[in-house]
Amino acid sequence: MANITAAMVKELREKTGAGMMDCKGALNETQGDLEAAVDWLRKKGLAKAAKKAGRVAAEGLVAVESAGRHAAVVEVNSETDFVARNDAFQAFARETAKIALNSDGTLEGLQAAHFPGASETVADKLQGLIATIGENMTLRRVTKLEVGKGVIASYVHNQISEGLGKIGVLVALESEGDVDALSALGRQIAMHVAATNPVALDASGVDAATVERESNILREKNAGKPDHVMAKIVESGLKSYYKEVTLLEQPFVHDGSKTISQVLKEAAGKVGAPVTLTAFVRYALGEGIEKEEGPDFATEVAQQAGRA
């Protein structure tokens, strides 16, 4: 039997996109012949993933999994919404979110994690799914939140199945208060986050580049004003901006007369202890992915008929 090295397996994986165990098996079957192993995988239908890797995958699902004081949200993309409704795809997304609960919170760590009771990693499982279904798919991102005391509340918008949808939100509430009351409050705030899409928890969380961009816009709008006046205009303008985009300063969607900060202060009496919102995450499916613009329907039909 040929001596199959890790380098050989790695090279075959890069050529075909097939799973590690499949590559190792192919090399064993072909006595270490790389090109023959590629052909072996193609015949088995396991090398399809590589051919599809260049296609834009902007559809799919956001999956949320919560376990009280810790929770995870993942985004798994496919090329079409049709595949997002496939039972096998949904099962993969749901199980991957569960695995993420016990991962290190990084994408690399999640990809390398093993499915329960299996030798396959999450990355291997995804490659197998690509080969089976025939579309490019990607595990795009993952975030994990934890609290020492309190709850991680969750909300899924446009839910198509339990924990699966188009927008997934997690909200971390630190408190020693009543868990049920905290969970109810957290869900309302998570719904607020889904609706308003805040950029940060508070002003300190807004990145410097964004602050500079907003400041420049204010300066351009008020060009010609004296420096001391301009400084006050920028300061006032930024305060207004923070009220619009930072979670704690936004008016609560369930009661516009109160900010989220005020809601949290009032909640202390209801739950029996102070409540601190320490973090949140919001995933909207496909955000930031540049989608390909396909031909219009008439052109597409003509192309398929060989007339275009």
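Side-chain atoms are counted along with the backbone in the values below, which use heavy atoms only and exclude waters and symmetry mates.
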Identify which one of L185, L247, V263 satisfies the side chain to side chain contact (heavy atoms under 4.5 Å, CB included) criterion when paired with L277.
L247

Salt-bridge test for E65 and K98: reply yes if a basic N is under 4.0 Å from a carboxylate O, no otherwise.
no

Main-chain N/O of [Y] paired to [X] side chain as donor or acceptor, under 3.5 Å:
{"X": "E135", "Y": "T80", "result": "yes"}
{"X": "T30", "Y": "A26", "result": "yes"}
{"X": "R282", "Y": "A194", "result": "yes"}
{"X": "E287", "Y": "A284", "result": "yes"}
{"X": "K144", "Y": "L101", "result": "yes"}
{"X": "S175", "Y": "P274", "result": "yes"}
{"X": "K125", "Y": "E120", "result": "no"}
{"X": "E59", "Y": "E79", "result": "no"}

Using every non-hydrogen atom in the two residues, find where [X] and [Y] come nearest and quote the distance to one decimal.
{"X": "L182", "Y": "G177", "result": "CD1-O, 3.8 Å"}
{"X": "G60", "Y": "A84", "result": "O-CB, 3.5 Å"}
{"X": "P116", "Y": "E95", "result": "CG-OE2, 3.5 Å"}
{"X": "R69", "Y": "G150", "result": "CG-O, 3.4 Å"}
{"X": "Q90", "Y": "I160", "result": "NE2-CD1, 3.5 Å"}
{"X": "S154", "Y": "V64", "result": "CB-CG1, 3.6 Å"}

Looking at side-chain heavy atoms only, is the closest gap between [X] and [Y] below 4.5 Å?
{"X": "L110", "Y": "L139", "answer": "yes"}
{"X": "L34", "Y": "L12", "answer": "yes"}
{"X": "F115", "Y": "V122", "answer": "yes"}
{"X": "L27", "Y": "E11", "answer": "no"}
{"X": "E249", "Y": "K239", "answer": "no"}
{"X": "L61", "Y": "V74", "answer": "no"}
{"X": "K232", "Y": "V229", "answer": "no"}

Ignoring hydrogens and angles, state whether a donor on the side chain of T278 or E174 is under 3.5 Å from an acceptor on the partner side chain.
no

Please determine, by modelled atom types, if N216 and R219 share a side-chain donor-acceptor pair under 3.5 angstrom.
yes

Go through the structure and list residues passing side chain to side chain donor-acceptor pair (under 3.5 Å) with K149, not counting sequence neighbours.
E176

Is there a path of hydrophobic side-chain contacts, each under 4.5 Å between heavy atoms of I, L, V, M, F, W or Y residues, that connects [X] with [Y]?
{"X": "F280", "Y": "Y283", "answer": "no"}
{"X": "I189", "Y": "V281", "answer": "no"}
{"X": "M137", "Y": "L107", "answer": "yes"}
{"X": "V193", "Y": "V156", "answer": "no"}
{"X": "L170", "Y": "V275", "answer": "no"}

From [X] [atom1] over to [Y] [atom2], what is the distance, rounded to the nearest 0.5 angstrom?
{"X": "N222", "Y": "I217", "atom1": "CG", "atom2": "CD1", "answer": "12.0 Å"}
{"X": "N77", "Y": "R141", "atom1": "CG", "atom2": "CZ", "answer": "8.0 Å"}
{"X": "L201", "Y": "L248", "atom1": "CG", "atom2": "CG", "answer": "4.0 Å"}
{"X": "C23", "Y": "D124", "atom1": "SG", "atom2": "CG", "answer": "8.5 Å"}
{"X": "E212", "Y": "D207", "atom1": "CD", "atom2": "CG", "answer": "11.0 Å"}
{"X": "K265", "Y": "T276", "atom1": "NZ", "atom2": "OG1", "answer": "11.0 Å"}

In sequence, state the C-alpha distance, the side-chain angles, and the governing distance for D180 and S183, and then conclude on side-chain hydrogen bond (donor to acceptor under 3.5 Å, both in side chains).
CA-CA 5 Å; D180 290 339; S183 297; 5.3 Å; no

Which pairs count as salt bridge (Lys or Arg N to Asp or Glu O under 4.0 Å) when at least one residue sits in residues 23-38, sequence neighbours excluded?
K15-E35

Once you measure the plane-to-plane angle for F252 and H192, does it fall in the parallel (<30°), tilted (30-60°) or perpendicular (>60°) bin?
tilted

V211: hydrophobic cluster co-members (side-chain, 4.5 Å):
V199, V206, L218, M230, V234, L238, Y241, Y242, V245

I152 vs V147, side-chain contact (heavy atoms from CB on, under 4.5 Å): CA-CA, chis, key distance, verdict:
CA-CA 7 Å; I152 304 291; V147 293; 3.7 Å; yes

